Amino acid sequence: MSTTQTYMHVSQSSDSAPLLEVRDLKTHFETGRGRVKAVDGVSFSLNKGRTIGIVGESGSGKTVLSRSVMRMLPRHGVINDGQLIFDGQDISDYTDEQMRRIWGAQIGLVSQDPMTSLNPVVRIGRQITESVRLHLKIDKGQANEMAISILKSVAMPEPERRMRSYPHELSGGLRQRVTIAMALACGPKLIIADEPTTALDVTVQAQILDLLGSLQRERNMAMILITHDLGVVSDRCDEIAVMYAGKIVERAPTKYLFSNMKMRYTQALFESIPKLNAPSNVPLRAIEGRPPDLVNPPLGCSFAPRCAYADERCHTLEPPLMAAETPGHVFACWNPVGGMPPPPAHMVERLGVKPVREEKFFKS
Amino acid sequence: MSPEKILKVENLVVTFPAGAGKKVHAVSDVSFELAKGETLGLVGESGCGKSTTGRAIMQLIRPAQGSVNFEGSDLTRVKGKELRRIRQGMQIIFQDPISSLNPRRRLKDIIAEPLDIWSKLESEERYDRVREMCDQVGLDFESVKDRRPHEFSGGQCQRISIARALMLSPKLLICDEPVSALDVSVQAQILNLLRVLKSKYDLSMIFIAHDLAVVKNISTSVAVMYLGRICETADSDTFYTNPAHPYTKALLESVPEPDPSLIGSEGKMRLSGELPSVIDPPSGCKFRTRCPYSQDICAIQEPELVEISAGHKVACHFPISR
Amino acid sequence: MGRVIRFFAKLKSLKLGVGFWLSVAWVALIVLVAIFANLLPLPNPDSALEAPSNLGPSLHHLLGTDNIGRDELSRLIFGSRVSLVVGFGSILLGILLGGLTGILAGYYGKAVDFSLNSLAIIFLAFPQMILILALITFEGRSLLVITVAIGIVGSPLIFRVVRSATQSVASREYVAASKALGASTSRVLLKEIFPNVAMTLSAFVFIAVGVAILAEAGLSFLGLSVPPPTPTWGDMVNVASSELEQNSILWIWPSLALLFTVLSINVVADRLRMKFGIRESFL
């Protein structure tokens, strides 16, 4: 409890403790080629009923981050470090046995491919009622009624009939509604949606995202929305964190991220999206090259090899997370869009950003 | 005045058996033309028949009716060796970058495949041609030539597919959702690459996709398909400024807008419900079950595809007008 | 030379485990002694009454002698020939019959598939023992007939495996791409389909060899395989089982030989599937 309290006066929102608090989280994998630093020192916090969007390319570590937060990682060859505080309890060292009470009941997961997260030979109804009965200890009849009402709330047409369907009898969009229903069934406080719409058509994508948003408001759930597409998160998140090579490189409230984009990678990611209001047949500003090898990340800023604005310093010194002019906004870039903001010392402290130590600047 | 047409598709019908002697019309009565150097964006939700149309043009699926006229010969009337010879002029790349490449073969052999099929080249010339094509699509030949598909990222696999398709110098390239499975950052690379190669190799393209923002970036004209039929087609400018079919409007409004300052306050048009099954399509207008403007006539009479302005055709009883 | 070293380095990097290498060693040993049995300093496996019957293990007869004084070790080694020839030979035949038809049925579908598949289903429903007995009755109990009989019985199973593997490969887009490039059907089958089906099949084949060896042993236990005096493992178990009172450990040797051989083949198959199964997921 003391850890939460010490955090409270650094935290931005003073009215309540954050629901989820991730501090300097590291997840490394030991592989034949060496140590893969998939998540390397990620910190963020999430309040009740709020949404944070985590954006990055494949290989940026965003999916590993979501698995780390759920503590659903393979047992072997994984090095875990950092602190995870969920709903006031430090779950960093929880065993699977202890986590089982949290999975499903407190944290729900909606994953990218509904076909693999649903059991193909079990009817929809039983897949939903099973976890409800396990966590809420209610009888079959009650569980069935509950499952039908949950299917209704995810706007499933003919929920009573769908209870008896198998996953393959449903379209991709309907299957994703079922996984959302399953994630919601026990009334979790946090939903982790890992690329929930990547496998779906745009029309269905819009429906599913709208649905997630309205359910979240109704039930006052917090949500981590993970995606590779900035367009998906822009009007559905309170805060956005951009990940690159296992680290958060920019984090800001959504309106500031778009109005005062600082990090060059965020900018490049934004510009590479084809937009409806852009003229047709003009080249897109693509990011050339590929994300770095996480076994041997480059010295300095990990985006520097692909960055048009990189200079000497970017290739040698890793930029720390620095505060931008806009409140609650941090970024890691030596040559940010619009120039470097003046560093207000009090702000650095208020945001909980560690001041950069002198010797770190002069590391060869 | 009208530019030379490279492809003319007329009344294309593709059916699949649906058991019990029934037939499903995956594509029904689709007609369009493609002028040289143009890119037609073929848009719709999964299951609307857009990919089937692409494959039927290639004769990978034989159409039940209609004609596919490519440079003066009707592909539906030829077969065997003759078909294979004519078809060299058109190529296709697919959505799934990994499934498009044989996992047991090495990059150099995958890209050389068309050469091995059609010409017996000296190993040196074969090698040079493959290396040159790798340069064109942005692959470093020397470092990747002996790798197998699973060692490449999705974007690289798609570059390999493009290289293989261009080996025979086709005139028409059908791209079946080539960027749908890729990250946005990689998607931009591939779209730019396709644009560059299109002008370099003087290609005409059919670009199949479900994302209208992607299609806008690369197409000169657009056709929207719904349940196996074309419901609206126009050149890009008209299409994006004056969409007339309610379905087109819904598609446009489903595209996520990345810049929050541009998101209007008014509610967006959202499609309710699911795409109806092609096995049992609705009567009359196929879109009426999800259409906010539908009226009695829509259930009775199927709207014809009619021209409402030059080159702009719509199949709707109550087209939206500005 | 460098090639050889690299090959072994790669094998090592696969981390197949001790069990795998022990299994490979056992199969290799059996194959080698079967091939070179004539060159080994062994007593004739068929010469009866050279030694007292039902001897226990001794220096002269490492595994002792059987009920009519034949050297058990020698019979075990010569007996491995039958097991291996029938095991591998029948499955090879099964692959030729079932594999070829399976690829054709899986690739062409429709009428070809319907007729071949119906045939396979009828074959599978037919009592297999009766089929084998009929063949033996009409054609005699030679090594060739036994091999062919088991091969024919196994082929519809291989047909089913190959057919479903082909169906899944044929729906891949690289097959469509190859067709679009103008590849002829035979080229598509040979270059795109066959290598990928072969991979799925290879794991199954080892298990099938094990099953075929056991099937032959079962037949010879019942006295339906290659006639005596040719030694077979199944027949040796049969002989030993009737001599339990005189020689209580004789049955152990052929049983262990069978157990280790089939187990080793299955371990090899399982490891290979695990290692290459990862790649298969990219198919």
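Keep in mind that this is a model prediction, so the values were computed, not measured. Each chain gets a letter, A, B and so on, in the order its sequence line appears, and its residues count up from 1.
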Using a cut-off of under 4.5 Å on heavy-atom pairs, state which of B:Ala250, B:Ser185, B:Gly155, B:Ser236 scores highest against chain A. B:Ser185

Heavy atoms from other residues, nucleotides or ligands near [atom1] of [X] exceed 12 (cutoff 6.0 Å):
X: A:Arg164; atom1: CZ; result: no
X: A:Arg50; atom1: CZ; result: no
X: A:Arg285; atom1: CZ; result: no
X: A:Asp293; atom1: CG; result: yes

Between [X] (side chain only) and [Y] (backbone N and O only), is there a donor and an acceptor less than 3.5 Å apart?
X: B:Asn217; Y: A:Pro283; result: no
X: B:Lys216; Y: A:Ser280; result: no
X: A:Glu57; Y: B:Asp183; result: no

Shortest non-hydrogen contact from A:Gly289 to B:Gln189? O-NE2, 3.2 Å

Determine the option with the most heavy-atom pairs under 4.5 angstrom with chain B, choosing from [options].
options: A:Pro279, A:Pro274, A:Ser171, A:Ala278; value: A:Pro274
options: A:Thr227, A:Asp210, A:Ile273; value: A:Asp210
options: A:Gly56, A:Gly172, A:Gly231, A:Ser259; value: A:Gly231
options: A:Asp229, A:Val232, A:Val282; value: A:Val282

Side chain, backbone, both or neither: which part of [X] has a heavy atom under 4.5 Å from chain A?
X: B:Leu252; result: both
X: B:Asn192; result: side chain
X: B:Glu45; result: both

Would you check if B:Ser254 and A:Gln205 make a side-chain contact, meaning some heavy-atom pair closer than 4.5 Å? no

Applying side-chain contact (heavy atoms from CB on, under 4.5 Å) between B:His210 and each of A:Asp201, A:Leu200, A:Thr203, report the one that passes. A:Asp201

Part of A:Ile287 within contact of chain B (heavy atom distance under 4.5 Å): both

Could you walk me through whether B:Ser153 and A:Arg290 pass the side chain to side chain contact (heavy atoms under 4.5 Å, CB included) test, one step at a time? CA-CA 9 Å; B:Ser153 67; A:Arg290 301 172 58 196; 3.6 Å; yes

